[in-house]
*Asks:* 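My questions all concern the structure below.
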Amino acid sequence: MVRALFSGWSLIRVGTILVYVFMFAPVLVVMLLSFNSSQFGSFPMEGVSFRWFVALYNNDAIVRAFQTSIALGLLTAIIATTLGVTASMAIVRYEFPGKNLLNTVLIAPILVPEVVLAVGLLLFLQFMGMPRNFFLLLMGHVIFTMPFVVLVVQARLVGLRREYEEAALSLGANPLEAFRRVTLPLIMPAVLAGMLFAFTISFDDITGTLFWKPPGVETVPTQIFAMLRHSISPEVNALGTVMIVLTVVLPLSGLALARRLAVRRGG
Amino acid sequence: MAERANSVELHNVVKRFGDIAAVRQMTLDVPDGSFVTFVGPSGCGKTTTLRMIAGLESITDGDILIKGRRINEVPIHKRNLGIVFQNYALFPHKTIYDNVAFGMMYRDVDRETTRRKVRQALQLVQLPHVEDRYPKQLSGGQQQRIALARAIVIEPDVLLLDEPLSALDANLREGMRVELKRIQRELGIATIFVTHDQSEALAMSDKVVVMSEGWVEQVGTPEQVYNEPASEFVATFLGISNLLDGRISEADGQTLKIAADNGMDLLAHRQPDRPHGIGQNVRLAIRAEKIFLADAHAVDNDSILMDGTVRAVDYQGQAARYFVECGGTTFQAVNPIDRSPFQEGQSVRLRIRAQDVVLLDPARSGATASRAQTAAGTEAAA
Ligand SMILES: Nc1ncnc2c1ncn2[C@@H]1O[C@H](COP(=O)(O)OP(=O)(O)OP(=O)(O)O)[C@@H](O)[C@H]1O
Ligand SMILES: [Mg+2]
């Protein structure tokens, strides 16, 4: 018995469990404490209340940050997905010179450290004599979320036999129609997954955002960052809980839905 | 006007992929309503040719005409073709009805007409009750029928099929073969069918195109390509043929006497359009099922008879394939079995009728000489 307990495998198991506890315990603590009614964000909890969520809702700066983040995330997701799907189609389905180069360039932003990318884009903009604005921020987010869309969609397209499109074309659909009616529905799970990735990554991002955001504009992460500089208010816990729901629960249920769709349609 | 128009014409069509010549100088007519089959070994360019006609592959050189119109630069969706793919390629996210109705969206027809035509097509492939199902819920054979229905419902100018039966198991394949032929007849639609299965080609076609390494070896009716192979390649690709080299030793009226290099004397009929001088070198092909085995001392007046020994027997039930050694050459003969097959080691007499000896066209053998598989006797004689 004792030997079994300390055998290699159980050590690994215990180690793994500890690592996960170490990773997720703080998250759980934050979520728990956000329901604490006490003024101080610490244990022991005194009672359960939603007061910090209400406070959050009444805090103009935070509400504005939220609106910015959501608008930014949605726009990023839409643009990155549109461009990413188009690029994937071109790369997987057509032959043209410089194809490999284009592919590398599209994937590169996830290989380059974000700070480098952030500074690079900023310098480029300054060189062009453009001020920092919302458009720059959006462009930055699109550039580094697009690789995820491209990777997911390309993988799906490569696995999708060309005959479906060829059949559609032979029946009289022009290439655009064939894409709309056949290819797109068949790669939809991947497109949705890519879109969710883009939204989540954009919503979470802080490094690039700190460099690119125009003065006076805050996203949720930069807002939290700013709040933490002054004090640790329980409001931050509540904000953290909302973030977790938006960036973890939402994508996971979205993916589950996409998978269900894929199974039903037999793609 | 010509008595019969062509649905498809190929004029000196060439396809190169970089340095690889996939199709070289192909010229072909597909008459209206006819069933034309491309047959040949893997990689000979059948699919490539079909894809050029379909517009899925560009044409390096030459012209393709559909219904008299040059379509080299016409994109596929404006060609009005029905294509059936090897793996069916039914749209997995659409119901059977929507699959079959897909092409009707791009035709100028109202809903009622679409509904009627889809029903008709499903009736024709004998699957009227599956409209609401998804492709995954059908068997392979059923999916293939739906793919056919989808291709014919648009009333295409030509029907193109690339090995549509090869994904089906053997029993189903025979059935589908008959079915496909019936539907094609019924609709009278010009059809190009690709296969590497020679029995499919011979059973279904009005016209067989035998291809090898991008060349067209022979175009003819199934009887022509089978009984009068124009080249060594055709002789050996379709069925089993024995090949012999020899020299014409006597030419008299319709019949030629040929001294084979292994010392045999054979009789052959004169080929109508070719000169046959005495002393001319020829290559002969004799089908395995045209060499008849008889008991050792059988007598026959209108055939060449040769004594030989059975070396191996490949028993196939209703027939047997014999390997018979005769004058240093091993002949292959496929004969129906009367009561019991000849035995290994048994002395037999081979009977070869003059009408079954085919003189191959030397002009056509060069390109494919290396391809000869059952070149019986050529080595022994050399
Ligand atoms: N896209 C391509 N790029 C390069 N070479 C190709 C391409 N498609 C076909 N080929 C070559 O062209 C030749 C003919 O190919 P094709 O597919 O037409 O053969 P096939 O007769 O259909 O053979 P199979 O019976 O195996 O289907 C082959 O040598 C093949 O390697
Ligand atoms: Mg092929």
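Just so we're on the same page: letters track the sequence lines, and every chain starts at 1.
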*Asks:* By a 4.5 Å heavy-atom criterion (distance strictly below it), what part of B:M104 contacts chain A: side chain, backbone, both, or neither?
*Replies:*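 Contact with chain A involves no heavy atom of B:M104 at all.
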*Asks:* Going through the checks in order, is the salt bridge (Lys or Arg N to Asp or Glu O under 4.0 Å) test met by A:E177 and A:R180?
*Replies:* CA-CA 5 Å; A:E177 279 282 290; A:R180 194 166 73 84; 3.2 Å; yes
*Asks:* Under the side-chain hydrogen bond (donor to acceptor under 3.5 Å, both in side chains) rule, what do A:S202 and A:D205 come out as? Steps first, then yes or no, please.
*Replies:* CA-CA 5 Å; A:S202 158; A:D205 181 71; over 6 Å; no
*Asks:* Would B:R150 and B:F91 count as a cation-pi pair here, with the cationic atom under 6.0 angstrom from the ring centre and within 45° of the axis?
*Replies:* yes
*Asks:* Strictly below 4.0 Å, N to O, side chains only: are B:R185 and B:D206 in salt-bridge contact?
*Replies:* yes
*Asks:* For B:L56, is it the side chain, the backbone, both or neither that has a heavy atom under 4.5 Å from a heavy atom of chain A?
*Replies:* side chain
*Asks:* Between B:N87 and chain A, which part of the residue has a heavy atom less than 4.5 Å away: side chain, backbone, both or neither?
*Replies:*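 Interface part for B:N87: both.
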*Asks:* Do you know which of B:P135, B:G103, B:A147 has the most heavy-atom pairs with chain A at a distance under 4.5 angstrom?
*Replies:*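 Most heavy-atom pairs under 4.5 Å with chain A: B:G103.
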*Asks:* Measuring heavy-atom distances to chain A, does B:R107 have an atom under 4.5 Å in its side chain, in its backbone, in both, or in neither?
*Replies:* side chain
*Asks:* Heavy-atom distance under 4.5 Å to chain A: side chain of B:L160, backbone, both or neither?
*Replies:*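 Neither part.
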*Asks:* Heavy-atom distances under 4.5 Å only: say whether A:A168 touches chain B with side chain, backbone, both or neither.
*Replies:* both
*Asks:* Side chain, backbone, both or neither: which part of A:R162 has a non-hydrogen atom closer than 4.5 Å to chain B?
*Replies:*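 Nothing of A:R162, per the 4.5 Å heavy-atom cut-off to chain B.
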*Asks:* Quick one: do A:K213 and A:E218 make a salt bridge, cutoff under 4.0 Å?
*Replies:* yes
*Asks:* Salt bridge or not between B:E186 and B:R182? Use side-chain N to carboxylate O under 4.0 Å.
*Replies:*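 Here B:E186 pairs with B:R182 in a salt bridge, since their nearest N and O are under 4.0 Å apart.
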